[in-house]
Amino acid sequence: AQRVTQPEKLLSVFKGAPVELKCNYSYSGSPELFWYVQYSRQRLQLLLRHISRESIKGFTADLNKGETSFHLKKPFAQEEDSAMYYCALRGVTGGGNKLTFGTGTQLKVEL
Amino acid sequence: ETGVTQSPTHLIKTRGQQVTLRCSSQSGHNTVSWYQQALGQGPQFIFQYYREEENGRGNFPPRFSGLQFPNYSSELNVNALELDDSALYLCASSLWRGRETETQYFGPGTRLLVL
């Protein structure tokens with residue numbers, strides 16, 4: 001079975017402070033990990049995927065297979081980063097190309 | 001390029017009724033996935049369609065069924081609605097080229113309330 005755990009429902013930081021949104025996963029095969037973001041009143045959209053190894057909007061995430069983690073980091077939080085963040089895993093267990101999502105972390109950046 | 005669209009945006013039904021939700025894929029995409037997102041939860045995979053056939057299913061009962069049409073649009077049908085079916089239903093489209101599947105792009109969702 002595949003599972004994604006996001007331990008924090010809400011993370012509140014001050015503008016300019018570092019951000020780390022935690023994500024741990026459980027998967028027997030070789031995982032593909034993603035971070036999706038949902039800004040207020042907008043649809044769910046891809047933020048980044050581990051195979052791209054790129055930085056989007058200042059966010060980065062490194063896949064750590066030893067710790068089965070894919071934490072999302074940003075050195076300096078901006079007010080516009082306030083949103084709901086979902087970590088997701090893609091696997092082929094059970095057929096298809098399904099994404100397994102965590103329960104999400106609400107990031108609130110305060111001034 | 002047209003994004004993923006879903007209809008209706010909101011729907012209210014009563015227990016035992018049937019509902020059909022619709023999704024139009026993003027231009028150029030051939031695969032549609034459906035997800036259920038209950039309040040306070042992440043989206044949960046219902047099933048996926050490729051070339052008009054179901055290509056993977058999550059842990060949902062048979063009363064959840066779907067269709068994909070030749071133009072790659074899709075429907076999600078839920079029979080015998082239960083109160084717990086109240087949720088946001090998300091459609092996502094992507095392009096499958098054989099081995100790798102590209103990013104899934106999500107629609108705005110249909111919010112279903114079952115009374």
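None of the values given here were measured: they were computed from a predicted structure. Side chains included, hydrogens not; waters and symmetry mates left out as well; all remaining heavy atoms used.
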**Student:** Do B:Tyr35 side-chain atoms and A:Leu99 backbone N/O form a donor-acceptor pair below 3.5 Å?
**Tutor:** yes
**Student:** Any donor-acceptor pair under 3.5 Å linking the side-chain atoms of B:Gln104 with those of A:Tyr36?
**Tutor:** no
**Student:** Above 12 or not: heavy atoms from other molecules or residues under 6.0 Å from CG of B:Asn71?
**Tutor:** yes
**Student:** State, to 0.1 Å, how close B:Gly42 and A:Tyr86 come at their nearest heavy-atom pair, and which atoms those are.
**Tutor:** CA-CE2, 3.7 Å
**Student:** Looking at OG1 of B:Thr103 and CZ of A:Arg90, how far apart are the two atoms once the value is rounded to the nearest 0.5 Å?
**Tutor:** 7.0 Å
**Student:** Select one option (side chain, backbone, both, neither) describing which atoms of B:Glu54 are under 4.5 Å from chain A's heavy atoms.
**Tutor:** neither
**Student:** Take atom CD of B:Gln6 as the centre, draw a 6.0 Å sphere, and report whether it contains more than 12 heavy atoms from other residues, nucleotides or ligands.
**Tutor:** yes
**Student:** Go through the steps for A:Arg43 and B:Val4 under the test side-chain contact (heavy atoms from CB on, under 4.5 Å), then give the verdict.
**Tutor:** CA-CA 10 Å; A:Arg43 64 184 66 190; B:Val4 180; 4.2 Å; yes
**Student:** Pick whichever of B:Ser33, B:Pro108, B:Gly40 has the most heavy-atom pairs under 4.5 Å with chain A.
**Tutor:** B:Pro108
**Student:** Do other residues, nucleotides or ligands put more than 12 heavy atoms under 6.0 Å from the CD atom of A:Gln42?
**Tutor:** yes
**Student:** Can you tell me how far CG of A:Leu44 sits from CD of B:Gln37, rounded to the nearest 0.5 angstrom?
**Tutor:** 7.0 Å
**Student:** Just wondering, are more than 12 heavy atoms of other shown residues or ligands nearer than 6.0 Å to CG in B:Leu83?
**Tutor:** yes
**Student:** Give a yes or no on this: more than 12 heavy atoms of other residues, nucleotides or ligands lie within 6.0 Å of atom CD of A:Glu79.
**Tutor:**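 12 or below, so no.
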**Student:** Look at atom OH of A:Tyr39 and say whether more than 12 heavy atoms of other residues, nucleotides or ligands are closer to it than 6.0 Å.
**Tutor:** yes
**Student:** First locate atom CD1 of B:Ile46, then atom NZ of A:Lys98, and finally report the distance between them rounded to the nearest 0.5 Å.
**Tutor:** 12.0 Å
